[in-house]
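Side chains included, hydrogens not; waters and symmetry mates left out as well; all remaining heavy atoms used. Numbers restart at 1 for each chain; the letters A, B, ... are given by sequence-line order, proteins then strands.
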Amino acid sequence: MSLSDLTQGAIARMVESTDTSNGVQNPVCQILSIKKISSTSTANPNVGDRYRIILSDGVHFAQAMLASQKRQMAENGEIDRNSVVRVLQYSSNNVQNRRILILLDLEVIGGPTPERLGAPKALEDQARPAGAGAPVKQENGATAPATSYGGAGAGASAGSTKPAMGGRPGGSSMNAGLPIYPIEGLSPYQNKWTIKARVTSKSDIRHWSNQRGEGKLFSVKLLDESGEIKATGFNDAVDRFYGLLQENKVYLISKAKVSIAKKQFSNLSNEYEIMFENSTEIEECTDASDVPEVKYEFVPIDQLENVEPNQTCDVIGVLESYGEVSEIVSKASQRPVSKRELTLVDQSGRSVRLTMWGKSAENFPQNQGVDDKPVIAVKGVKVGDFGGRSLSMFGSSTMMVNPDIPESHGLRGWYDNDGATANFKPYSNVGMAGAGGAGAGGNLAERRSIAQVRDENLGMSEKPDYFNIRATIVYIKQDNLWYTACPSDSCNKKVNQENDGLWRCEKCDKSFEEPQYRYLLSTNVADMSGQMWLSGFNDDAEQIIGKTASELYQIREENESEYTAVLHRAANRMYMFNCRAKQDTFNDTTRVRYTISRAAPVDFAKAGHELAEAIKAYL
DNA sequence: CCCCCCCC
């Protein structure tokens, strides 16, 4: 299908006519957007206003409704965004001074069309003198179609008895003269528009600095009945609009720039995005009832295992607990990032971890007004497979605390009656069983025995598996216990001694008088079910051995038997090991390596109490 | 004009 297949110019003539009989016969048009209208308008059965369509002839587009008898074409996917259709029968109706096309019969032609044909503009004047055409009567009390897009032209239309903006709810003197457009109607070719849209998410302010300069920016997602679009503000626009724009509120926005969306950076299905500019006007709109609310599609926590990792989804649950803010260093950017772990529970009897990042993590819970065990709804969070399933906030994810929606009230009632005393099966407690010893914050069932680690084939898939074991050091391998490392901060690469006696680091491109010694621990550990070899790095090895690698190097230089004694003393101690299992191939042999990510001495008193509790639970 | 979405 190409632009030439469309009946160019048809839209204007269709709108001018009353129906097929005096209009265009069988025009071929493209559907730019199709949107189910879920705000239950009691309106007109004649109109059957269930699906709102933006219809294009390649030159112009205009607003249309799919007649209710053709609803199934939308429901079964026969027609969709970008479909090319032949309009067999239509009518053009005057609804509150706007012309709305009603598509009474149509057929799909050609195969799927992947893109918008041509560069259609909004029909400048879709209004007509009252009484012309075949006006659709509004029954008493009947609601007008949701948002009154002057869309294609509620501007000062010839013969219109109303002022141009008379129908604009919550409007003001600002933005005067610019018709309200559906978001789907925006394009770079037309800049006289106003959208009335709800902010569904707002990012943190982000600062950047690269070779091209530096600055700050933020972005919001905007929603109306027709679709969604991302809008970004840079520098001055951050100062002007960041505070004004708030999640879930509705705004009139005009005089911003529409440009081609960089699709790879957006998960919204819109070819375009908006940039706020110096001339941009934004005003909160108090009459927001006709702009759709954020829609959630909640996945119960126990169903998360059916969601593919890396997908996004919406989850609602009671905030059972949350941790302290901590800092990690991003592997990709090498920059420190704050994070905070929340634990959500729901009626499915399971709990899941939700990670918050950056400022929102630091400012939680104050920024969310969190009281005791609130209901938390999150939208667009990333599903991870850490420890089964986990959740992680994106910059584009949104969080609502105690939202006023049925699911929230249901959870509140359930939690206050039953949930508060229930036990929840976690997806994972990996990483929580650390300093506290045996399962601090975790439960004993989640810990594995060494036999289980083998029986469950952990580390045999492409991705690493993580597990915890409580085991006793049996033996520490005595040769190659350390390597000569680069002494630069956070380099740790192996350095070799050159002919000049200096130690050279290829990565840092520097030479040093002395290397830093760092452990490469290989230790055999055992529990009641068996034994296994674990690899460990410097920090955990220091803790286990009780000396730095440099100290131990000196000891061995001076007294070989003392060296052996130090290693003997390190054995027969019990630790909680957080480990990672991953395949690796060396000399054509593939085997699973088990690496310590954290080792913590067992707190026997605490572990004993936990065992007692576990036994009690069986009785 | 950013574009990373992180870690165990």
Q. Any side-chain N or O of A:Lys262 under 4.0 Å from OP1/OP2 of B:dC1?
A. yes
Q.
Between P on B:dC5 and CD1 on A:Ile205, what's the gap in Å once rounded to a whole number?
A. 21 Å
Q. Got a sec: does the CG of A:Asn423 have more than 12 other heavy atoms crowding it under 6.0 Å?
A. no
Q) Please give, in whole Å, the distance from B:dC5 P to A:Trp357 CH2? A) 11 Å
Determine all donor-acceptor pairs shorter than 3.5 Å in which one atom belongs to a side chain in residues 533-541 of chain A; sequence neighbours excluded.
| from | atom 1 | to | atom 2 | distance (Å) |
| --- | --- | --- | --- | --- |
| A:Ser535 | OG | A:Arg593 | NH2 | 3.3 |
| A:Asn538 | OD1 | A:Tyr519 | N | 2.8 |
| A:Asn538 | ND2 | A:Glu542 | OE2 | 3.3 |
| A:Asp540 | OD1 | A:Ala599 | N | 3.1 |

Q | Side chain of A:Lys382 - closest among B:dC2, B:dC6, B:dC7 | A | B:dC6
Q. Just wondering, do A:Trp208 and B:dC1 stack (centres under 5.5 Å, planes under 30°)?
A. no
Q: Using the side-chain contact (heavy atoms from CB on, under 4.5 Å) rule, pick out the option among A:Thr200, A:Val199, A:Val294 that qualifies with A:Asn248.
A: A:Val294
Q | Donor + acceptor pair across side chains of A:Trp357, A:Ser392 (<3.5 Å) | A | yes
Q. Given B:dC8, B:dC2, B:dC6, which nucleotide is nearest the side-chain atoms of A:Val337?
A. B:dC6
Q: To the nearest Å, give me how far apart NZ (A:Lys216) and P (B:dC1) are.
A: 19 Å
Q. Whole Å only: how far is the CG atom of A:Asp539 from the P atom of B:dC7?
A. 18 Å
Q) Which is true for A:Gly213 with a 4.0 Å heavy-atom rule: it touches a base, it touches only sugar-phosphate, or it touches nothing? A) nothing
**Q.** Distance in angstrom units between A:Ile260 CD1 and B:dC1 C1', rounded
**A.** 17 Å
Q) Any side-chain N or O of A:Arg212 less than 4.0 Å from the OP1 or OP2 oxygen of B:dC2? A) yes
Q) How far apart are the C-alpha atoms of A:Glu247 and A:Lys379, what are their side-chain angles, what is the distance that settles it, and do they pass the salt bridge (charged side-chain N to carboxylate O under 4.0 Å, His left out) test? A) CA-CA 12 Å; A:Glu247 276 180 9; A:Lys379 182 168 185 59; over 6 Å; no
Q. Choosing from B:dC2, B:dC7, B:dC8, which nucleotide comes nearest the side chain of A:Glu273?
A. B:dC2
Q.
Checking contacts here: which listed nucleotide (B:dC7, B:dC8, B:dC2) is nearest the side-chain heavy atoms of A:Tyr466?
A. B:dC8
Q) Base, sugar-phosphate alone, or nothing: which one does A:Asn235 contact when heavy atoms must sit under 4.0 Å apart? A) base
Q. Which part of the nucleic acid, if any, lies within contact of A:Thr355, taking any heavy atom under 4.0 Å across all strands shown: a base, the sugar-phosphate backbone alone, or nothing?
A. base
Q. Rounded to the nearest Å, what distance is computed from the CG atom of residue A:Leu391 to the P atom of nucleotide B:dC6?
A. 12 Å
Q: Figure out the CZ/P separation between A:Arg598 and B:dC8, and round it to whole Å.
A: 12 Å
Q: Grab the CZ-P distance between A:Phe394 and B:dC7 for me, whole Å please.
A: 12 Å
